[in-house]
Amino acid sequence: MNLAPSDTDLRWMQHALTLADNAEALNEVPVGAVVVSGDTVIGEGWNTPITEHDPSAHAEMNALRAAARHVQNYRVVDATLYVTLEPCPMCAGLLVHARIKRVVFGAYDEKTGAAGSVMNLTQHPSLNHQVEVQGGVLAQPCGEKLSRFFQRRRAEIKAAKKARRAQTMTPGPDQ
């Protein structure tokens, strides 16, 4: 069960939502993440796997890479990661390995969520570190941003298919 989010959680999740806009501007799935230590941003990121041709370039991965460089350590202890979508298994594993203290996410991911929805790698009892989890913070705006993106993408794909069909059916000038 999740507690009500604090004003701090709401503020940083809003910041992560703004970072998600950077991904959407690149036509990437709009997910944003920010790593905060105390009240200081130590890393930011957004989805870039398509742009960077890198399947690991999720928002969390990009934000934690920046945070690790900032603290000059592969462990990012006593920090909180705010992300607009529940981490996938890869990113949940990253949170454990980086020793992130806490993850706060927006929308639940019922297909690949690994912080409580499908599985919970972040708090698996066999692992040597468990991450505190707060889910559903600004879930509605986070989920709506993703839904609008995928609706737009489906419409674009449908329009492109329709245009290709029309092009192949239209007789050329020699016919």
Side-chain angles (χ1 to χ4, degrees), residues 2 4-36 41-68 76 79-96 98 100 102-122 131 133-167:
N2 286 323
S6 68
D7 289 343
T8 299
D9 288 347
L10 294 170
R11 179 169 51 99
W12 289 119
M13 186 59 69
Q14 189 60 53
H15 183 73
L17 270 165
T18 301
L19 294 171
D21 293 338
N22 295 336
E24 190 161 15
L26 297 170
N27 212 24
E28 298 271 4
V29 176
V31 177
V34 59
V35 182
V36 177
V41 172
I42 61 171
E44 295 179 332
W46 48 89
N47 272 359
T48 58
I50 298 166
T51 307
E52 295 183 17
H53 309 289
D54 179 355
S56 72
H58 289 193
E60 302 95 320
M61 186 76 71
N62 291 332
L64 273 167
R65 284 177 178 151
V76 186
T80 299
L81 176 112
Y82 295 89
V83 62
T84 58
L85 180 64
E86 181 180 0
C88 71
M90 175 183 69
C91 293
L94 172 69
L95 299 175
V96 171
I100 284 289
R102 186 167 174 254
V103 61
V104 178
F105 67 85
Y108 285 87
D109 186 343
E110 300 297 330
K111 292 183 180 177
T112 64
S117 288
V118 175
M119 63 189 80
N120 194 348
L121 291 177
T122 55
V131 179
V133 176
Q134 173 81 38
V137 175
L138 296 182
Q140 185 171 349
C142 291
E144 287 172 355
K145 182 180 288 288
L146 289 161
S147 293
R148 281 191 308 270
F149 173 81
F150 286 115
Q151 286 171 352
R152 179 180 58 80
R153 291 290 294 141
R154 284 190 295 274
E156 289 170 354
I157 291 166
K158 185 177 181 179
K161 284 180 182 178
K162 185 176 180 180
R164 281 193 302 275
R165 273 196 308 270
Q167 192 174 32

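Counting from 1, the numbers follow the sequence of the chain as shown.
Counting only heavy atoms from C-beta outward, the side chains of Arg152 and Asn27 approach each other to under 4.5 Å. Residues Pro5 and Met13 are not in side-chain contact: their nearest non-hydrogen atoms beyond the backbone lie 4.5 Å or more apart. At least one side-chain heavy atom of Arg102 sits under 4.5 Å from a side-chain heavy atom of Asp9. Between Thr122 and Pro87 the shortest side-chain heavy-atom distance does not fall below 4.5 Å. Annotation: side chain of Val83 is in contact with side chain of Val103 (closest heavy-atom distance under 4.5 Å).
The two residues Ala63 and Gly45 make their nearest non-hydrogen contact at CB-N, 3.6 Å. Here the shortest heavy-atom pairing between Pro30 and Ala23 reads CA-CB, 4.0 Å. Of all non-hydrogen atoms in Cys142 and Gly106, the two that sit nearest each other are SG-CA, 3.8 Å. Closest heavy-atom contact between Glu60 and Leu85: OE2-O, 3.9 Å. When all heavy atoms are compared, the tightest approach of Val34 to Leu19 is CB-CD1, 4.0 Å.
Between Asp109 atom CG and Leu146 atom CG the span is 8.5 Å, to the nearest 0.5 Å. One distance of note links CG of Leu138 with OH of Tyr82; it measures 11.0 Å at 0.5 Å rounding. One distance of note links CG of Leu64 with CD1 of Ile42; it measures 8.0 Å at 0.5 Å rounding. Between Glu52 atom CD and Asn62 atom CG the span is 5.5 Å, to the nearest 0.5 Å. One finds the CD atom of Glu44 at 8.5 Å from the CG atom of Asn22 (value rounded to the nearest 0.5 Å). One finds the CD atom of Glu86 at 14.0 Å from the NZ atom of Lys111 (value rounded to the nearest 0.5 Å).
Using a distance-only test at 3.5 Å, with no hydrogens or angles considered, a donor-acceptor pair links the side chain of Asn47 to the main chain of Val29. In terms of modelled atom types and a separation under 3.5 Å, the side chain of Glu28 and the main chain of Trp46 share no donor-acceptor contact. Thr84 places a side-chain N or O within donor-acceptor distance of the main-chain N or O of Gly32, the cut-off being under 3.5 Å.
Within 6.0 Å of CD on Gln140 lie no more than 12 heavy atoms contributed by other residues, nucleotides or ligands.
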Residue pair Leu81, Phe105: steps toward the side-chain contact (heavy atoms from CB on, under 4.5 Å) verdict
CA-CA 8 Å; Leu81 176 112; Phe105 67 85; over 6 Å; no
